[in-house]
Participant: 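Following this message is one structure expressed as structure tokens.
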Amino acid sequence: MIELGVNIDHVATLRQARRTYEPDPAWAAVEAHLGGADGITVHLREDRRHIQDVDVRRLRESTQIKLNLEMAATDEMLDIACALKPEMAMLVPEGRHEITTEGGLDVAGQEARLTQIIARLSGAGVTTSVFIDADLPQIEAAARIGAQVCEIHTGPYAHAFYAQGRDIEAPAVQKELQKIRAAGAAIRALGMRFNAGHALNYYNVQPVARLPGIRELHIGHAIVSRAVFVGMREAVREMKALMRAAAACQEKSPGRQDA
């Protein structure tokens, strides 16, 4: 059954705008859990622009659902992850001048280094994931380095969906969706778990949630944005309901094409 991991980074973004103590990401995690989240995701960036070290320690101590730590492939972050032991650590690319993650990790271009990182995380009992584009060479490289999970970058699909007037039948949108579908099939064929995320929202999530074999969606900005108006618990509940309805439709009709 499809699961929802809620990224609470932007609760910390709001707090850091005033360098104060509220809103508290740990409270957001509790509310997300009560709304039906299956996991909590945070990205401890090297520049600490939102989530802080104390946040991940408190979340590790208090979170009763899965904790997914997004991290750059650096020695500092590797040490933190091995000490923290989240349920999952996801390796992501990171640029100091980017607003948010702008693309998938180049696994194929740094296999030797990433193999060592994955091995150490696995040795610490942490499930390992890589955030990659819907690109077959990157998927094959992820399998070679020993990653257990591939999270496909859904940004190109989401941006096409918006640019095409939220028309899921538009050829440009269908092209990106089919890339994700093909990537998911390749991931599963190589024995890895198929997750997806980035720029998914209440309007574009269902076609992705309907894809065969998808296990988890990680969604943050859209949920935190809606939570400003309806509260975190309700925002998560609404997203989870959309995902589950779409996944149930796929399960009943596994041969259908996404419309």
Side-chain angles (χ1 to χ4, degrees), residues 2-72 74 76-92 94 99-101 121 124-129 131 149 151 195 197-202 205 215-243:
I2 193 167
E3 295 186 346
L4 170 61
V6 176
N7 186 314
I8 58 172
D9 288 350
H10 293 303
V11 175
T13 297
L14 182 56
R15 178 193 62 193
Q16 295 306 110
R18 292 287 297 270
R19 297 294 194 274
T20 183
Y21 52 84
E22 58 183 2
D24 187 343
W27 290 3
V30 172
E31 286 295 305
H33 182 183
L34 292 172
D38 301 289
I40 298 297
T41 293
V42 290
H43 183 177
L44 184 64
R45 282 182 170 266
E46 292 183 90
D47 62 10
R48 307 304 200 267
R49 68 176 63 170
H50 40 57
I51 292 293
Q52 306 297 304
D53 296 67
V54 66
D55 295 324
V56 292
R57 290 195 297 269
R58 292 182 64 219
L59 287 165
R60 175 68 290 174
E61 293 167 359
S62 62
T63 302
Q64 301 300 308
I65 48 180
K66 293 184 294 186
L67 180 62
N68 172 36
L69 178 65
E70 293 185 5
M71 53 180 276
T74 66
E76 178 197 22
M77 292 300 159
L78 181 57
D79 288 342
I80 290 171
C82 288
L84 189 72
K85 291 183 171 55
E87 278 71 32
M88 183 160 68
M90 184 167 72
L91 301 178
V92 300
E94 190 172 307
I99 295 175
T100 186
T101 305
L121 287 168
V126 178
T127 297
T128 56
S129 174
F131 181 74
V149 182
E151 178 163 324
N195 292 353
H198 197 77
L200 295 176
N201 60 33
Y202 295 85
V205 70
R215 290 282 300 277
E216 295 179 28
L217 298 182
H218 292 152
I219 304 173
H221 186 264
I223 291 175
V224 174
S225 296
R226 181 158 296 202
V228 171
F229 302 102
V230 303
M232 179 65 79
R233 198 179 306 190
E234 176 62 15
V236 172
R237 188 199 65 77
E238 291 175 11
M239 182 63 76
K240 185 79 172 283
L242 288 170
M243 289 169 49

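By convention here, the first residue in the shown sequence is residue 1. The structure displayed is predicted, hence computed values, not measured ones.
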Participant: Looking only at heavy atoms, which two atoms of Ser129 and Met88 are closest? And how far apart?
Facilitator: CB-SD, 3.8 Å
Participant: So do the side chains of His198 and Glu151 get within less than 4.5 Å of each other, counting heavy atoms only?
Facilitator: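 Side-chain contact under 4.5 Å: no.
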Participant: Is the shortest side-chain heavy-atom distance between Met71 and Leu84 below 4.5 Å?
Facilitator: no
Participant: Could you list the donor-acceptor pairs under 3.5 angstrom formed by side chains in residues 20-30, with sequence neighbours left out?
Facilitator:
{"residue": "Asp24", "atom": "OD1", "partner": "Ala26", "partner atom": "N", "Å": "2.9"}
{"residue": "Asp24", "atom": "OD1", "partner": "Arg58", "partner atom": "NH1", "Å": "3.0"}
{"residue": "Asp24", "atom": "OD2", "partner": "Arg58", "partner atom": "NH1", "Å": "2.9"}
{"residue": "Asp24", "atom": "OD2", "partner": "Arg58", "partner atom": "NH2", "Å": "3.1"}

Participant: To check you understand the geometry: which heavy-atom pair defines the closest contact between Lys66 and Thr63, and what is its length?
Facilitator: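 Scanning both residues completely, I find the closest heavy atoms to be O-CG2, 4.4 Å.
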Participant: Going by heavy atoms in the side chains, are Leu91 and Met77 under 4.5 Å from each other?
Facilitator: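 Heavy-atom side-chain distance check fails, nothing below 4.5 Å.
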Participant: Assess the residue pair Asp38 and Lys240 against the criterion (side-chain contact (heavy atoms from CB on, under 4.5 Å)); give the C-alpha distance rounded to whole Å, side-chain angles, the decisive distance to 0.1 Å, and a yes or no.
Facilitator: CA-CA 9 Å; Asp38 301 289; Lys240 185 79 172 283; 3.2 Å; yes
Participant: Nearest 0.5 Å, please: how far is CD1 in Ile219 from CG in Leu4?
Facilitator: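 Leu4 atom CG to Ile219 atom CD1 measures 5.5 Å (nearest 0.5 Å).
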Participant: Would you kindly say whether Asn7 and Thr41 are connected by a side-chain donor-acceptor distance under 3.5 Å?
Facilitator: no
Participant: So which heavy atom on Glu94 is nearest to which on Ala72, and how close?
Facilitator: OE1-CB, 3.7 Å
Participant: Supply the atom-to-atom distance Thr13 OG1 to His221 NE2, rounded to the nearest 0.5 angstrom.
Facilitator: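 The NE2 atom of His221 is 8.5 Å from OG1 of Thr13, to the nearest 0.5 Å.
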Participant: Is the shortest side-chain heavy-atom distance between Ile8 and Leu59 below 4.5 Å?
Facilitator: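 Ile8 reaches Leu59 side chain to side chain.
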Participant: Between Asp47 and Arg49, is there a side-chain N and carboxylate O pair less than 4.0 Å apart?
Facilitator: yes
Participant: Listed by chain and number, what are the salt bridge (charged side-chain N to carboxylate O under 4.0 Å, His left out) partners of Arg237, not counting sequence neighbours?
Facilitator: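 Arg237 satisfies salt bridge (charged side-chain N to carboxylate O under 4.0 Å, His left out) with Glu234 only.
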Participant: Measuring from Leu121:CG to Met90:CE, what's the distance to the nearest 0.5 Å?
Facilitator: 13.0 Å
Participant: Residues in side chain to side chain contact (heavy atoms under 4.5 Å, CB included) with Ala235, at least two apart?
Facilitator: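 Checked Ala235 against side chain to side chain contact (heavy atoms under 4.5 Å, CB included); matches are Tyr202, Ile223, Arg226, Ala227, Val230.
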Participant: Under 4.0 Å between a side-chain nitrogen and a carboxylate oxygen: does that hold for Arg45 and Asp9?
Facilitator: no
Participant: Tell me whether Gln16 contacts the main-chain N or O of Leu14 through its side chain, where contact means a donor paired with an acceptor under 3.5 Å.
Facilitator: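 Pair absent, no side-chain N/O of Gln16 close to backbone of Leu14.
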Participant: Would you tell me whether Glu70 and His218 have side-chain atoms, one donor and one acceptor, within less than 3.5 Å of each other?
Facilitator: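 Result is no, nothing qualifies.
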Participant: Can you tell if the side chain of Asp53 reaches within under 4.5 Å of the side chain of Arg48, non-hydrogen atoms only?
Facilitator: yes
Participant: State, to 0.1 Å, how close Ala37 and Val6 come at their nearest heavy-atom pair, and which atoms those are.
Facilitator: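 Minimum heavy-atom separation between Ala37 and Val6: CB-CG2, 3.6 Å.
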Participant: Looking at NE2 of His10 and NE2 of His43, how far apart are the two atoms once the value is rounded to the nearest 0.5 Å?
Facilitator: 11.0 Å
Participant: Return the minimal non-hydrogen interatomic distance between Ala81 and Val126, and the atom names on each side.
Facilitator: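 Nearest heavy atoms, Ala81 then Val126: O-CG2, 4.4 Å.
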Participant: Would you call Asp55 and Arg15 a side-chain contact if the rule is heavy atoms closer than 4.5 Å?
Facilitator: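 A side-chain contact exists here, since the closest heavy-atom pair is under 4.5 Å.
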Participant: Which of these, Ile40, Leu67, Asn68, Leu69, sits in a side chain to side chain contact (heavy atoms under 4.5 Å, CB included) with Glu87?
Facilitator: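 With Glu87 as partner, Ile40, Leu67, Asn68, Leu69 yield a single side chain to side chain contact (heavy atoms under 4.5 Å, CB included), made by Leu67.
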